[in-house]
Asker: 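Please find one structure pasted underneath; my questions will follow.
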Amino acid sequence: MFLDFMSEVETLLLGAIDQCRFELPENGSNRLQLEISPHADVASSVAFRLAPVLRRSPKAIAEELHRSMTPGPGGLVDQIELAGPYLNFFVNRKFLNSVVVQAQGQECWTGRLTDRAIVEHTSANPNGPLHVGHIRNSVIGDTIARVLKRAGSDVETQYYVNDMGRQIAIVVWGKDRYGLDSSKPDHAIARVYIEANRALNADPELKREIDILIERYEGKDQEVAAKVKSAVDYAISGIEETLRRLNISHDAYHWESEYAVSGEMADILQRLENTGLTQWEDGAFQLDLSGYGFEKKMVLKRADGTSLYITRDLAYHRWKAQHCDRVVDILGADHKLISSQLRTALGLLGVREPEVVIFEFVSLPDGSMSTRKGKFISADELLDEVEKQAFEEVTTRRPEEGEEFRRDVARQVALGAVRYDIIKVSPEKATTFDWKNALDFEKLSAPFIQYSHARACSILRKAGMQGSFDPELLQDENEVALIKKIAEFDLVVDRSARELKPHQLANYARELAESFNQFYRFSPVLEVEPALRASRLALVNAGRNALRVTLETLGIPALESM
RNA sequence: GGACCCGUGGCUUAGCCAGGAUAUAGCACCGGGCUUCUAACCCGGGGGUCGCGGGUUCGAAUCCCGCCGGGUCCGCCA
């Protein structure tokens, strides 16, 4: 839809530049200086760019370009307006009509990407429940996966399970020592983990027991392996349950130990040694990346011979690169340095580097969270509270409905509110968790968008069967604005997928709902003369489809009634 | 100390990578709108030295340099 219009504008503009024999300077990806603008559907300020080269005024250049452009009769571009040095392009009626028609069906909502992507996200250590920081990772990762899928890619999501680290050894040790209580598995694991850390702090001698566990596990000790598997599986089962509440699931789990056991890790070590950049220092095997701007050496193997996270991660990343076209990692800000070291090392090995999406930390009003110290707000607690609040809201608004309906709506509203709250903020922004904000269901939130969708469904329900319609009748300002906003969907998804910036889609969702609500307010549908009624009904259907697909791509349920 | 990220009305935030025409929204505040398709909505209003100082440019929230404030990292942890 909008992408087609954009391409046509590009062709026209390039043709005019060519015809005028202008030389377009190379500068970045937006050479034609195209932008969506309040003055036009698409505006170009390319004349400014050409001015210094041609030694003429931007205005004169724009005029000449304007004279050289005539939109073709079969195209989507209407008038081209000359506004001083600016060239303003507008969509024509044919475009608007075709959007309404296309948006009746399902085919127009998928992009043209054909590559295969692996998105790794969450990958939290199985030492406790997900907290409000972890789920920033989960929601960003899951939304990116959905956006890529929507854009046409074949996507697999993966959870990389840390079963070999020190923290997991502490969990196993604590589980043996204290035993698990009957609370939700991940929470029960957290209890023994926190307790074990307390004991280890109090008596540093106990640390030796942890080291022994790590050595035995890496030495393929069957008894330890069984204990690790059982503890990790248990924690993951709880984590999965939480993710399910967030409408998130993983297609595959990869355990770190796979790469240690299979010998892939050993192969990576050998290949790194072949680069000549490794050395033994203080008994440990290290990689010197000082030539790449890293002052500290990267330790690949401990003095006691056991492996480290980074080494296993190299093997995992090689596996991923071999099995897809696009490797995407979602990582917290604490992984910035290590992930650029990882990428550098992968570069040395000739392995394609991952695209890393870094998100900044979520902190509490009184400081950062810590699973080890038991200082965190769990995702379960957040969801419980938001659900409770949502239930009250639904009960106030729909007192006549039964409890089952109200519970169901509350659950879906809560899930949407939590996801939207996270995804609407761009990842590089550090945030502070705030209950008041989390429990607010007004305009900058998922319920606002879900509500628009429910309204559309309600109209369609009342209207009954839909017949043929003439999109030409949709002439009101609010109607045209809504059609254009619906058309923008493909552009937003395409950009969002290319740049891995899911918050752009969140923004779009709000704008789309806004456009729909204005249309809803100003254009009565059911009580107008039949021809107009049919046209507006078609627009409601188009809007409903756009809202539903947008919500689904954000992983938020599109409620039909709320 | 070094590296990276952030700094936009009282609070939260889009735009920054690819510099352009009146800087985006929300919350809060003030005023208006439910006998009409669900008011979790809509309309209007006030409120901004885009952290500070230089520079590049016809033009800077956007690019460059310096500074200030906040976050993250700099482990034979992950």
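Just so it is clear: chains get the letters A, B, ... in the order the sequence lines come, proteins before strands, and each one is counted from 1.
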Asker: Of the candidate nucleotides rA40(B), rU72(B), rA39(B), which contains the atom at the shortest distance from the side chain of Ser368(A)?
Answerer: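 Selected nucleotide: rU72(B).
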Asker: Determine the contact category for Val394(A): base if any of its heavy atoms lies under 4.0 Å from a base atom, sugar-phosphate if only primed atoms, P, OP1 or OP2 are that close, otherwise nothing.
Answerer: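 Base, at least one base heavy atom under 4.0 Å.
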Asker: Hey, is Lys207(A) close enough to Glu209(A) for a salt bridge, meaning N to O under 4.0 Å?
Answerer: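 Looking at Lys207(A) and Glu209(A), the cut-off is not met.
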Asker: Using OP1 and OP2 only, check whether a side-chain N or O of Tyr309(A) sits under 4.0 Å from rG75(B).
Answerer: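 Result: no.
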Asker: Compare the minimum distances between each of rA14(B), rC42(B), rA18(B) and the side chain of Asn517(A), then state the nucleotide with the smallest one.
Answerer: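 Of the candidates, rC42(B) comes closest.
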Asker: Please tell me if Gln341(A) has a side-chain N or O lying less than 4.0 Å from either OP1 or OP2 of rC74(B).
Answerer: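 Looking at the OP1 and OP2 atoms of rC74(B), neither is under 4.0 Å from any side-chain N or O of Gln341(A).
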Asker: Across nucleotides 24-31 of chain B, 5' to 3', mark each nucleotide with B, S or - according to how protein heavy atoms within less than 4.0 Å reach it.
Answerer: -SSS----
Asker: Out of rA78(B), rC76(B), rC37(B), which has the shortest distance to the side chain of Leu526(A)?
Answerer: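 Of the options given, the side chain of Leu526(A) lies nearest rC37(B).
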Asker: Between rA78(B), rA21(B), rG19(B), which one does the side chain of Asn125(A) approach most closely?
Answerer: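 Comparing rA78(B), rA21(B), rG19(B) against the side chain of Asn125(A), the answer is rA78(B).
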Asker: Distance check, P atoms only: rC50(B) and rU62(B), in whole angstrom units.
Answerer: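 Their P atoms lie roughly 9 Å apart.
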Asker: Is any side-chain N or O of Asn88(A) under 3.5 Å from a base N or O of rA21(B), one able to act as donor and the other as acceptor?
Answerer: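 Donor-acceptor pair under 3.5 Å: yes.
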Asker: Taking the side chain of Tyr520(A) as heavy atoms from C-beta outward, which of rA78(B), rC73(B), rC37(B) is closest to it?
Answerer: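 Among rA78(B), rC73(B), rC37(B), the one nearest the side chain of Tyr520(A) is rC37(B).
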Asker: Describe, in one word, how the ring planes of Tyr253(A) and Tyr159(A) are oriented to each other, choosing from parallel (under 30°), tilted (30 to 60°) and perpendicular (over 60°).
Answerer: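 Judged by the thresholds at 30° and 60°, the geometry between Tyr253(A) and Tyr159(A) is parallel.
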Asker: Using a 4.0 Å heavy-atom cut-off across all strands, classify Ser452(A) as base, sugar-phosphate, or nothing.
Answerer: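 The residue Ser452(A) makes no contact with any strand.
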Asker: His254(A) pairs by side chain to side chain donor-acceptor pair (under 3.5 Å) with which of Tyr259(A), Tyr316(A), Tyr160(A)?
Answerer: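 The side chain to side chain donor-acceptor pair (under 3.5 Å) with His254(A) is passed solely by Tyr259(A) among Tyr259(A), Tyr316(A), Tyr160(A).
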Asker: If you assign each of Pro58(A) and Lys429(A) to its closest nucleotide in RNA chain B, which residue comes earlier from the 5' end?
Answerer: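 The residue mapped nearer the 5' terminus is Lys429(A).
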Asker: Can Arg455(A) be said to sit on top of Tyr520(A)'s aromatic six-ring, NZ or CZ under 6.0 Å from centre and within 45° of the ring axis?
Answerer: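 Yes, cation above the ring, under 6.0 Å and within 45°.
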Asker: Counting the atoms with a prime plus P, OP1 and OP2 as sugar-phosphate, which does Lys501(A) contact under 4.0 Å by heavy atoms, base, sugar-phosphate, or nothing?
Answerer: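 Counting heavy atoms under 4.0 Å across all strands, the contact made by Lys501(A) includes a base.
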Asker: Taking 4.0 Å as the cut-off, does a side-chain nitrogen or oxygen of Asn437(A) come that near to OP1 or OP2 on rU12(B)?
Answerer: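 False: Asn437(A) side-chain N/O out of range (4.0 Å or more) of rU12(B) OP1/OP2.
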Asker: So what does Thr396(A) touch, heavy atoms closer than 4.0 Å: a base, only the sugar-phosphate, or nothing?
Answerer: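 Nothing: the residue Thr396(A), judged by heavy atoms under 4.0 Å, touches no strand.
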Asker: Compare side-chain N and O positions of Ser45(A) against OP1 and OP2 of rA21(B) and report whether any pair is under 4.0 Å apart.
Answerer: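 No, outside the criterion.
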Asker: Once you apply a heavy-atom cut-off of 4.0 Å, does Glu281(A) come out as touching a base, just sugar-phosphate, or nothing?
Answerer: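 It contacts base atoms.
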Asker: For Arg397(A), report the nucleic acid contact type (base, sugar-phosphate, nothing); a contact means any heavy atom under 4.0 Å.
Answerer: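 Base: the residue Arg397(A), judged by heavy atoms under 4.0 Å, touches a nucleobase.
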Asker: Looking only at atom C1', what distance separates rG69(B) and rG53(B), rounded to whole Å?
Answerer: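 Going atom to atom, C1' in each nucleotide, I get 15 Å.
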Asker: Among the nucleotides rC37(B), rG59(B), rC42(B), which one has an atom lying closest to any side-chain atom of Arg49(A)?
Answerer: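 Looking only at side-chain atoms, Arg49(A) lies closest to rG59(B).
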Asker: If you only use heavy atoms from C-beta on, which nucleotide in rA39(B), rA18(B), rA78(B) is closest to the side chain of Glu499(A)?
Answerer: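 Nearest to the side-chain atoms of Glu499(A), counting from C-beta on, is rA18(B).
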Asker: Choose from rC37(B), rC76(B), rA14(B) the nucleotide whose nearest atom is closest to any side-chain atom of Ala303(A).
Answerer: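 Among the listed nucleotides, the one closest to the side chain of Ala303(A) is rC76(B).
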Asker: Does Glu63(A) come within less than 4.0 Å of Lys59(A), counting only side-chain N to carboxylate O?
Answerer: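 Yes, charged N to carboxylate O under 4.0 Å.
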Asker: Judged by atom type as modelled, is there a donor-acceptor pair below 3.5 Å linking the side chain of Tyr508(A) to the main-chain atoms of Lys485(A)?
Answerer: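 Present.
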Asker: Base, sugar-phosphate alone, or nothing: which one does Lys336(A) contact when heavy atoms must sit under 4.0 Å apart?
Answerer: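 Since a base atom lies under 4.0 Å of Lys336(A), the category is base.
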Asker: What nucleotide among rA78(B), rC16(B), rG71(B) has an atom nearest to a side-chain atom of Ala430(A)?
Answerer: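 Nearest to the side chain of Ala430(A) among the choices is rG71(B).
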Asker: What's the closest nucleotide to the side chain of Glu360(A) if the choices are rA40(B), rC5(B), rA78(B)?
Answerer: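 Minimum distance to the Glu360(A) side chain belongs to rC5(B).
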Asker: Hey, is Glu392(A) close enough to Lys388(A) for a salt bridge, meaning N to O under 4.0 Å?
Answerer: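 No salt bridge links Glu392(A) with Lys388(A).
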Asker: When you measure from the side-chain N and O atoms of Arg302(A) to the phosphate of rC77(B), is any distance below 4.0 Å, counting only OP1 and OP2?
Answerer: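 It does, given that an N or O in the side chain of Arg302(A) lies less than 4.0 Å from OP1 or OP2 of rC77(B).
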Asker: Between rG26(B) and rU72(B), how far apart are the C1' atoms? Round to whole Å, please.
Answerer: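 Rounded to whole Å, the distance is 28 Å.
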Asker: C1' atom, rA61(B) versus rC16(B): distance in rounded Å?
Answerer: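 Here rA61(B) and rC16(B) have their C1' atoms 7 Å from each other.
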Asker: Can you check whether Phe22(A) reaches Val53(A) side chain to side chain, under 4.5 Å on heavy atoms?
Answerer: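 Side-chain contact under 4.5 Å: no.
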